[in-house]
**Q** 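If you scroll down you'll find the structure; I have some questions about it.
Just so it is clear, the values below take in all heavy atoms, side chains as well, and ignore hydrogens, waters and symmetry mates. A, B, ... follow the sequence lines: proteins, then strands. Residue 1 opens every chain.
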Amino acid sequence: MGEIGYARNVFDQITEPNVYLWNAIIRGYCKHSLFGEVLEMYSEMQGNGVSPDGFTLPYVLKAWSGGGGSSVKMGFGVHGHVFRNGFESDVFVQNSIVAFYAKCGRLDKAWIVFDRLDDRSRTIVSWTSIVSGYAQNGQPLEALRIFSQMRHSDVKPDWIALVSILRTYTDINDIEQGKSIHGIVIKTGLELEPDLLIALTSMYAKCGEVLVARLLFDQMDIPNVILWNAMISGYAKNGHADEAVALFRKMIGVNARPDSITVRSCIIACAQLGSVELARWMDDYISRSDYRNDVFVNTALIDMHAKCGNVDFARRIFDHVSNKDVVLWSAMIVGYGLHGRGREAIDLFNSMKCARVEPNDVTFIGLLLACNHSGLVEEGCNYFQSMKRDHGIEPRHQHYACVVDLLSRAGFLDRAYEFIMEMPIEPGITVWGALLSACKICRNVSLGEYAAERAFSLDPFNAGHYIQLSNLYASVGKWNNVKKVRKMMSDKGLSKDLGYTSIEINGKLQAFCVGDKSHPRSKEIFAELEKLERRLKDTGFTPNTESVLHDVQNEDKEESLCNHSERLAIAFGLICTTPGTPLRITKNLRACVNCHAATKLISKLVEREIIVRDANRFHHFKDGVCSCGDYW
DNA sequence: GTAGGGTTAG
């Protein structure tokens, strides 16, 4: 940036710059994407009585479409400028106009100019402008149609044309067709330009083919930051959070400079892993980096700490950000919501109003979540009402589902049903799922069956809903119906999601599934487990056998309950940490009634704080009580 | 000395 400033100083000392010099300074600004300056210089140039030439206009057009120039008003002026200055047949100027209109989404106008081009002027550049115009404006299918039309003409795609079409395969989620572009590259022996490599890597990574993506990634001698980002975010998005973090560490190790997108992708990966220690490491890294004051990065950090169980850490970051925007406020409110700290969420919402920050739809998701997880029924309903009435925000599916969950879990099944019937939009899968799971808790078979029916019709292959219905039948002893549901599942080839629990020991995550005997210290774990069960029984704890699916003898039920993966994780945590250390546990399903009750008691017996992140929220167990107040 | 492309998004 210093060079362009220096160039400007020199330029300003010239008394009567000619077109050549004006173009040079305009080109400089254009190269640095300083489009405002480009337009300023352009008008200054005309004010000084110098007419633009065929080299000037492409820069100006680029500035118009890239900067504040995408306004319609600017667009209208374009042709005027070109005609007034006599460039209606200049190849470069004409192609710039095609690109200008395409970028602004005015494909109709782009086509008019495109069609008027003579054969000599209609090049791969013109085609690429049109194709990427569609691709960038949310019409991937149209982009693909034009691309294939182009391939039937004599125009040969070059690497930029391929780069611009590649993203459309990701958009329509068609990796097979995307691979064919990779095929073209190999077949035609096109040079694998760095930017083409990036586009290919990014496509494979986004579509979940991380192994192929990594092969391409490793081909680049000096990977640039965009390539790192494509790979890291690809890992994070496709359930390879650990690899995302590992690659980020490698990046730092080789002294490559992460940008704000890199660190955000890595923070998202850390949030997925849920490790407190890793979260602290990331936090520490950011605090020493240039991004410590970046609002986007701080928002991601708040979300990460909340998801890793440290909502108070999240709050510390929140308090340190000086210019809080609505998303930052919302992230903090959602964080409190996850931990069932409803009052704090509401307090924060009030402070937000005092700070004159207007809430958005995410803010209300957080509020409703917080009310839901704290049993604040009337407050939640009031916020839902106020959303549209006071803030003009139209509720989305998630908001409706939250209210249904809130009402039905509090036992107001009738109100929940009425609420659904009055919805102005078609109730979605989440709404019926919420009602169904509440019916299981309240043992309301008839409404539960209805909700299940609706859920099955919307998503016949989601095993979770069948399990819910089966659990509902089991809870009232309708074993025949349990069998029927299980048959429905096996007919559809569905099986129960395997429950697993992981526990963090010294920053390392160890996972267990039900009755897991694969751990090297399995013997010790089961011995500890037995000890725990004995102590539980001594205090008079009787397992609630309802949460067992099968119609089996009571003894067997109890046996399988004690084997639940979270019990194993707790036992393991107890034998390898020093007394008093909190245990941090993550599970992929919702907490089961029995384990929840047992964990409360265990926290008291062994004098440990036990923090559990389940599929929906956090539970902080301490001294025999849980932060959720048994409401989840 | 001029025209087309790419990472991300609470």
Side-chain angles (χ1 to χ4, degrees), chain A residues 19-28 30-31 52-62 65 87 90-100 102-103 110 113-114 117 121-133 135-136 150 155 157-168 170 193-203 205-206 223-234 236-237 258-265 267-268 271 294-304 306-307 325-335 360-363 365-366:
Chain A
V19 193
Y20 187 91
L21 287 164
W22 280 106
N23 285 345
I25 192 76
I26 287 175
R27 182 174 68 241
C30 205
K31 230 184 188 159
D53 65 5
F55 290 87
T56 324
L57 287 168
Y59 298 126
V60 177
L61 282 157
K62 189 177 184 158
S65 63
F87 295 105
D90 183 297
V91 188
F92 290 97
V93 175
Q94 292 302 318
N95 275 316
S96 295
I97 296 174
V98 175
F100 168 80
K103 232 185 212 156
V113 185
F114 181 94
L117 292 171
S121 309
R122 192 180 298 135
T123 63
I124 182 66
V125 177
S126 338
W127 282 98
T128 307
S129 295
I130 298 274
V131 167
S132 59
Q136 289 167 356
M150 176 194 93
V155 185
D158 62 2
W159 69 267
I160 295 184
L162 297 184
V163 165
S164 65
I165 200 66
L166 273 171
R167 64 167 276 184
T168 60
T170 325
E193 294 284 336
D195 290 345
L196 180 54
L197 188 82
I198 292 169
L200 281 168
T201 309
S202 148
M203 178 193 69
K206 267 197 203 157
N224 70 7
V225 67
I226 297 177
L227 185 61
W228 286 104
N229 291 351
M231 199 62 233
I232 291 172
S233 70
K237 270 201 180 147
D259 66 5
S260 83
I261 291 172
T262 329
V263 298
R264 264 146 68 193
S265 301
I267 294 170
I268 290 167
D294 183 312
V295 187
F296 281 73
V297 170
N298 279 305
T299 307
L301 281 178
I302 288 171
D303 178 66
M304 173 189 77
K307 286 191 177 140
D325 72 355
V326 58
V327 192
L328 191 91
W329 284 95
S330 305
M332 195 61 234
I333 292 173
V334 171
N360 68 10
D361 58 331
V362 183
T363 321
I365 296 272

**Q** Rounded off to whole Å, could you give me the CD-to-C1' distance for the A/E193 and B/dG4 pair?
**A**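 Rounded to the whole Å, the gap is 14 Å.
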**Q** Measuring from the side chain of A/V163 (C-beta onward, heavy atoms only), which nucleotide among B/dT2, B/dG4, B/dG6 has the closest atom?
**A**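 Nearest to the side chain of A/V163 among the choices is B/dG6.
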**Q** Please state whether the phosphate of B/dT8, meaning OP1 or OP2, lies under 4.0 angstrom from any side-chain nitrogen or oxygen of A/K206.
**A**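 Affirmative; the distance criterion is met.
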**Q** Which of these passes side-chain contact (heavy atoms from CB on, under 4.5 Å) with A/I261: A/I226, A/I232, A/N229?
**A**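 Exactly one candidate clears the test, A/N229.
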**Q** Tell me the interatomic distance from A/D53, atom CG, to B/dG1, atom P, rounded to whole angstroms.
**A**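 Rounding to the nearest Å, CG of A/D53 and P of B/dG1 are 14 Å apart.
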**Q** Please find the pair of heavy atoms, one from A/W228 and one from A/P223, that lie closest to each other, and give the distance.
**A**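 Closest heavy-atom pair between A/W228 and A/P223: NE1-O, 3.4 Å.
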**Q** Heavy atoms only, 4.0 Å cut-off, all strands: where does A/D325 land among base, sugar-phosphate and nothing?
**A**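 Base, at least one base heavy atom under 4.0 Å.
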**Q** Looking at every non-hydrogen atom in both residues, tell me the closest pair between A/A135 and A/T168 and how far apart they are.
**A**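 That closest heavy-atom pairing would be CB-CG2, 3.6 Å.
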**Q** Looking at every heavy atom in both A/L61 and A/F100, which two are closest together, and how far apart are they?
**A**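 What the structure gives for the nearest pair is O-CD1, 3.6 Å.
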**Q** When you measure from the side chain of A/D158, which nucleotide among B/dG4, B/dA3, B/dG6 comes out closest?
**A**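 Of all the options, the side chain of A/D158 is nearest to B/dG4.
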**Q** At 4.0 Å (heavy atoms only), tell me whether A/S164 reaches a base, stays on the sugar-phosphate, or touches nothing.
**A**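 Here A/S164 touches the backbone only, sparing every base.
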**Q** Round to a whole Å and report the spacing from CG of A/L57 to C1' of B/dT2.
**A**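 Computing the A/L57:CG to B/dT2:C1' distance gives 10 Å.
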**Q** Rounded to the Å, how far apart are A/I26 CD1 and B/dA3 P?
**A**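 Rounding to the nearest Å, CD1 of A/I26 and P of B/dA3 are 13 Å apart.
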**Q** Could you check whether the side chain of A/S129 and the base of B/dG4 have a donor-acceptor pair of N or O atoms closer than 3.5 Å, going by distance alone?
**A**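 Donor-acceptor pair under 3.5 Å: no.
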**Q** Have a look at A/L162 and say if it touches a base, only the backbone sugar-phosphate, or nothing, with a 4.0 Å heavy-atom cut-off.
**A**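 No contact at all - A/L162 keeps every heavy atom at 4.0 Å or more from the nucleic acid.
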**Q** Under 4.0 Å, counting only non-hydrogen atoms across every strand here, what does A/W159 touch: a base, just sugar-phosphate, or nothing?
**A**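 It contacts base atoms.
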**Q** Looking at A/K237, I'd like to know whether one of its side-chain N or O atoms comes within less than 4.0 Å of OP1 or OP2 on B/dA9.
**A**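 Answer is yes, contact under 4.0 Å.
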**Q** Could you work out, with salt bridge (Lys or Arg N to Asp or Glu O under 4.0 Å) as the rule, every residue matching A/R167, not counting sequence neighbours?
**A**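 Applying salt bridge (Lys or Arg N to Asp or Glu O under 4.0 Å) to A/R167 gives A/D171.
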**Q** Does any N or O in the side chain of A/D53 come within less than 3.5 Å of the main-chain N or O of A/T56, such that one atom is a donor and the other an acceptor?
**A**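 Checked: pair present.
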**Q** Whole angstroms only, please: what is the CH2-P distance between A/W228 and B/dT8?
**A**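 That distance rounds to 16 Å.
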**Q** I want to check one thing: is the phosphate of B/dG4, taken as OP1 and OP2, less than 4.0 Å away from some side-chain N or O of A/Q136?
**A**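 No, no such contact exists.
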**Q** Using the rule for Phe, Tyr, His and the six-membered ring of Trp, do A/F296 and B/dG10 stack at under 5.5 Å and under 30°?
**A**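 Ring-base stacking flag set for A/F296 and B/dG10.
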**Q** If only side-chain N and O atoms of A/S233 are considered, is one of them under 4.0 Å from the OP1 or OP2 phosphate oxygen of B/dT8?
**A**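 For B/dT8, OP1/OP2 do have a side-chain N/O of A/S233 under 4.0 Å.
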**Q** Without decimals, in angstroms, what is the distance between A/F55 CZ and B/dG1 P?
**A**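 It is 9 Å, rounded to the nearest whole Å.
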**Q** Taking the side chain of A/N95 as its heavy atoms from C-beta onward, which of B/dT8, B/dG1, B/dA3 lies nearest to it?
**A**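 Nearest nucleotide to the side chain: B/dA3.
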**Q** Identify whether any heavy atom of A/S260 sits under 4.0 Å from a base atom; if not, whether one sits that close to sugar-phosphate; answer base, sugar-phosphate or nothing.
**A**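 A/S260: no heavy atom of the nucleic acid under 4.0 Å.
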**Q** Within the 4.0 Å heavy-atom criterion, would you say A/A300 contacts the bases, only the backbone, or no part of the nucleic acid?
**A**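 Nothing, no nucleic acid heavy atom in range.
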**Q** For the side chain of A/F92, counting heavy atoms from C-beta on, which of B/dG1, B/dG4, B/dA3 is nearest?
**A**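 Nearest nucleotide to the side chain: B/dA3.
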**Q** Given atom CG of A/D294 and atom C1' of B/dG10, what is their separation to the nearest angstrom?
**A**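 About 11 Å, once rounded to whole Å.
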**Q** Taking the side chain of A/R27 as its heavy atoms from C-beta onward, which of B/dG1, B/dG6, B/dG4 lies nearest to it?
**A**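 Of the options given, the side chain of A/R27 lies nearest B/dG1.
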**Q** Roughly how many Å is it from CG in A/N298 to P in B/dA9, rounded to a whole number?
**A**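 Those two atoms, CG and P, are 17 Å apart.
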